[in-house]
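Heads up, the thing below is written out as C-alpha coordinates.
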Amino acid sequence: VQLQASGGGLVQAGGSLRLSCVASGSIIRYQWAWYRQAPGKQRELVADITNGGSTNYADYVKGRFTISRDNAKNTVYLQMNSLKPEDTAVYYCNRKWTQITWGQGTLVTVSS
(Lines give C-alpha, C1' and ligand atoms only; values in the text may rest on other atoms or scores of the structure.)
Protein backbone atom coordinates (compact mmCIF):
# COMPACT_ATOMS: atom_id res chain seq x y z
CA VAL A 1 0.00 0.00 0.00
CA GLN A 2 1.25 3.45 -0.91
CA LEU A 3 0.22 6.72 0.73
CA GLN A 4 -0.18 10.04 -1.05
CA ALA A 5 -0.79 13.13 1.06
CA SER A 6 -1.83 16.43 -0.46
CA GLY A 7 -3.44 19.75 0.37
CA GLY A 8 -0.59 21.51 2.12
CA GLY A 9 0.58 24.99 1.29
CA LEU A 10 1.35 28.44 2.61
CA VAL A 11 -1.35 30.06 4.72
CA GLN A 12 -1.53 33.00 7.09
CA ALA A 13 -2.10 32.49 10.79
CA GLY A 14 -5.79 32.00 11.45
CA GLY A 15 -6.35 30.39 8.09
CA SER A 16 -7.50 26.91 7.14
CA LEU A 17 -6.32 23.99 5.05
CA ARG A 18 -7.75 20.57 4.31
CA LEU A 19 -5.31 17.74 3.89
CA SER A 20 -6.10 14.49 2.10
CA CYS A 21 -4.32 11.18 2.20
CA VAL A 22 -5.16 8.58 -0.40
CA ALA A 23 -4.08 4.98 0.12
CA SER A 24 -3.55 2.66 -2.82
CA GLY A 25 -5.33 -0.12 -0.92
CA SER A 26 -8.29 -0.48 1.37
CA ILE A 27 -8.21 1.48 4.63
CA ILE A 28 -11.37 0.05 6.13
CA ARG A 29 -9.84 -2.41 8.58
CA TYR A 30 -7.42 -0.04 10.22
CA GLN A 31 -7.14 2.86 12.61
CA TRP A 32 -5.51 5.76 10.82
CA ALA A 33 -3.65 8.82 11.97
CA TRP A 34 -2.11 12.07 10.90
CA TYR A 35 1.38 12.88 12.09
CA ARG A 36 3.60 15.88 11.63
CA GLN A 37 7.28 16.64 11.73
CA ALA A 38 8.57 20.15 12.18
CA PRO A 39 12.15 21.07 11.22
CA GLY A 40 14.59 19.70 13.74
CA LYS A 41 11.92 17.86 15.69
CA GLN A 42 10.67 14.31 15.93
CA ARG A 43 7.54 13.15 14.20
CA GLU A 44 4.51 13.49 16.45
CA LEU A 45 0.95 12.23 16.44
CA VAL A 46 -1.65 14.86 15.60
CA ALA A 47 -4.92 12.93 15.43
CA ASP A 48 -6.27 9.45 14.85
CA ILE A 49 -9.52 7.82 13.84
CA THR A 50 -10.73 4.27 14.43
CA ASN A 51 -12.44 2.17 11.80
CA GLY A 52 -15.64 2.94 13.68
CA GLY A 53 -15.09 6.69 13.38
CA SER A 54 -14.01 7.52 16.93
CA THR A 55 -11.39 10.24 17.03
CA ASN A 56 -8.58 11.39 19.29
CA TYR A 57 -6.50 14.56 19.12
CA ALA A 58 -3.27 15.86 20.53
CA ASP A 59 -3.94 18.61 23.04
CA TYR A 60 -2.29 21.23 20.87
CA VAL A 61 -4.81 20.75 18.02
CA LYS A 62 -8.01 20.01 19.94
CA GLY A 63 -10.84 22.24 18.85
CA ARG A 64 -8.96 23.34 15.73
CA PHE A 65 -8.35 20.17 13.69
CA THR A 66 -10.81 17.50 12.59
CA ILE A 67 -9.84 14.08 11.27
CA SER A 68 -12.25 12.11 9.11
CA ARG A 69 -12.21 9.20 6.71
CA ASP A 70 -13.99 7.98 3.59
CA ASN A 71 -13.51 4.24 3.38
CA ALA A 72 -15.08 4.05 -0.07
CA LYS A 73 -12.42 6.43 -1.38
CA ASN A 74 -9.58 4.97 0.71
CA THR A 75 -8.96 8.49 1.94
CA VAL A 76 -8.27 10.11 5.30
CA TYR A 77 -8.72 13.84 5.78
CA LEU A 78 -7.47 16.48 8.18
CA GLN A 79 -9.37 19.74 8.34
CA MET A 80 -7.16 22.34 9.96
CA ASN A 81 -8.65 25.61 11.16
CA SER A 82 -7.25 28.53 13.16
CA LEU A 83 -3.76 27.61 12.05
CA LYS A 84 -0.80 28.89 14.03
CA PRO A 85 2.84 29.36 13.02
CA GLU A 86 3.75 26.46 15.31
CA ASP A 87 1.64 24.17 13.12
CA THR A 88 4.25 24.53 10.39
CA ALA A 89 5.48 21.02 9.55
CA VAL A 90 5.37 18.23 7.04
CA TYR A 91 2.17 16.28 7.61
CA TYR A 92 1.94 12.54 7.02
CA CYS A 93 -0.75 9.95 7.34
CA ASN A 94 -0.27 6.31 8.26
CA ARG A 95 -1.94 3.51 10.12
CA LYS A 96 -1.97 4.14 13.85
CA TRP A 97 -0.50 0.81 14.96
CA THR A 98 0.76 -1.41 12.12
CA GLN A 99 2.44 1.32 10.18
CA ILE A 100 3.39 0.91 6.56
CA THR A 101 5.94 2.72 4.41
CA TRP A 102 5.69 6.46 4.94
CA GLY A 103 4.75 8.64 2.02
CA GLN A 104 6.39 11.96 1.23
CA GLY A 105 3.93 13.95 3.27
CA THR A 106 2.62 17.42 2.51
CA LEU A 107 4.22 20.64 3.72
CA VAL A 108 2.14 23.11 5.69
CA THR A 109 3.65 26.52 6.28
CA VAL A 110 1.83 29.02 8.49
CA SER A 111 3.05 32.59 8.38
CA SER A 112 2.56 35.04 11.24
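Here the options are Thr75, Val76, Leu3, the test is side chain to side chain contact (heavy atoms under 4.5 Å, CB included), and the partner is Val22; only Thr75 passes.
A pairwise comparison of heavy atoms in Pro85 and Ala13 identifies CD-CB, 4.1 Å as the closest pair.
Taking OH from Tyr77 and CH2 from Trp34, the interatomic distance works out to 10.5 Å, rounded to the nearest 0.5 Å. Atom SG of Cys93 sits about 6.0 Å away from atom CH2 of Trp32, to the nearest 0.5 Å. Atom CG of Leu107 and atom CG of Leu10 lie 9.0 Å apart (nearest 0.5 Å). One distance of note links CG of Asp48 with CG of Asn56; it measures 4.5 Å at 0.5 Å rounding. Distance OG/Ser111 to CG/Leu83: 10.0 Å, rounded to 0.5 Å. In this structure, Ser82 OG and Arg64 CZ are separated by 7.0 Å, a value rounded to the nearest 0.5 Å.
Taking the side chain as every heavy atom from C-beta outward, Trp102 and Arg43 approach each other to under 4.5 Å. Contact annotation: the side chain of Lys96 never approaches that of Ile49 to less than 4.5 Å [non-hydrogen atoms, C-beta and beyond]. No side-chain heavy atom of Val110 sits under 4.5 Å from any side-chain heavy atom of Gln12. Side-chain contact check for Val61 versus Arg36: some heavy-atom pair is nearer than 4.5 Å. Under the 4.5 Å side-chain criterion, counting only non-hydrogen atoms from C-beta, Glu44 is not in contact with Gln37. Counting heavy atoms from C-beta outward, Tyr92 and Thr106 have side chains that stay 4.5 Å or more apart.
For Gln4, the CD atom counts as loosely surrounded, since its 6.0 Å shell holds 12 or fewer non-hydrogen atoms of other residues, nucleotides or ligands. For Gln79, the CD atom counts as densely surrounded, since its 6.0 Å shell holds more than 12 non-hydrogen atoms of other residues, nucleotides or ligands.
A tilted orientation is assigned to the rings of Tyr91 and Phe65, their planes being inclined by 30° to 60°.
Donor-acceptor pairing under 3.5 Å is lacking for the side chains of Asn94 and Gln99.
With a 6.0 Å cutoff to the six-membered ring centre and a 45° limit on the axis angle, Arg95 counts as a cation-pi contact of Tyr30.
For Asp59 and Lys62, the salt-bridge test passes: some basic side-chain N is under 4.0 Å from an acidic carboxylate O.
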For this session: Check the pair Asn51, Gln31 against side-chain contact (heavy atoms from CB on, under 4.5 Å), reporting the backbone distance first and the verdict last.
Result: CA-CA 5 Å; Asn51 52 4; Gln31 187 169 350; over 6 Å; no
Exercise. Please walk me through it: do Leu78 and Arg18 pass side-chain contact (heavy atoms from CB on, under 4.5 Å)?
Worked result: CA-CA 6 Å; Leu78 186 68; Arg18 188 192 194 208; over 6 Å; no
For this session: Would you sort out whether Leu17 and Val108 count as a side-chain contact (heavy atoms from CB on, under 4.5 Å), showing the intermediate values?
Result: CA-CA 9 Å; Leu17 286 172; Val108 173; 3.9 Å; yes
For this session: Run the numbers on Val1 and Ile27 for side-chain contact (heavy atoms from CB on, under 4.5 Å), then give the verdict.
Result: CA-CA 10 Å; Val1 177; Ile27 68 168; over 6 Å; no
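When the side chains of ILVMFWY residues are joined at heavy-atom separations under 4.5 Å, either directly or via intervening members, Ile67 and Leu45 end up in two distinct hydrophobic clusters.
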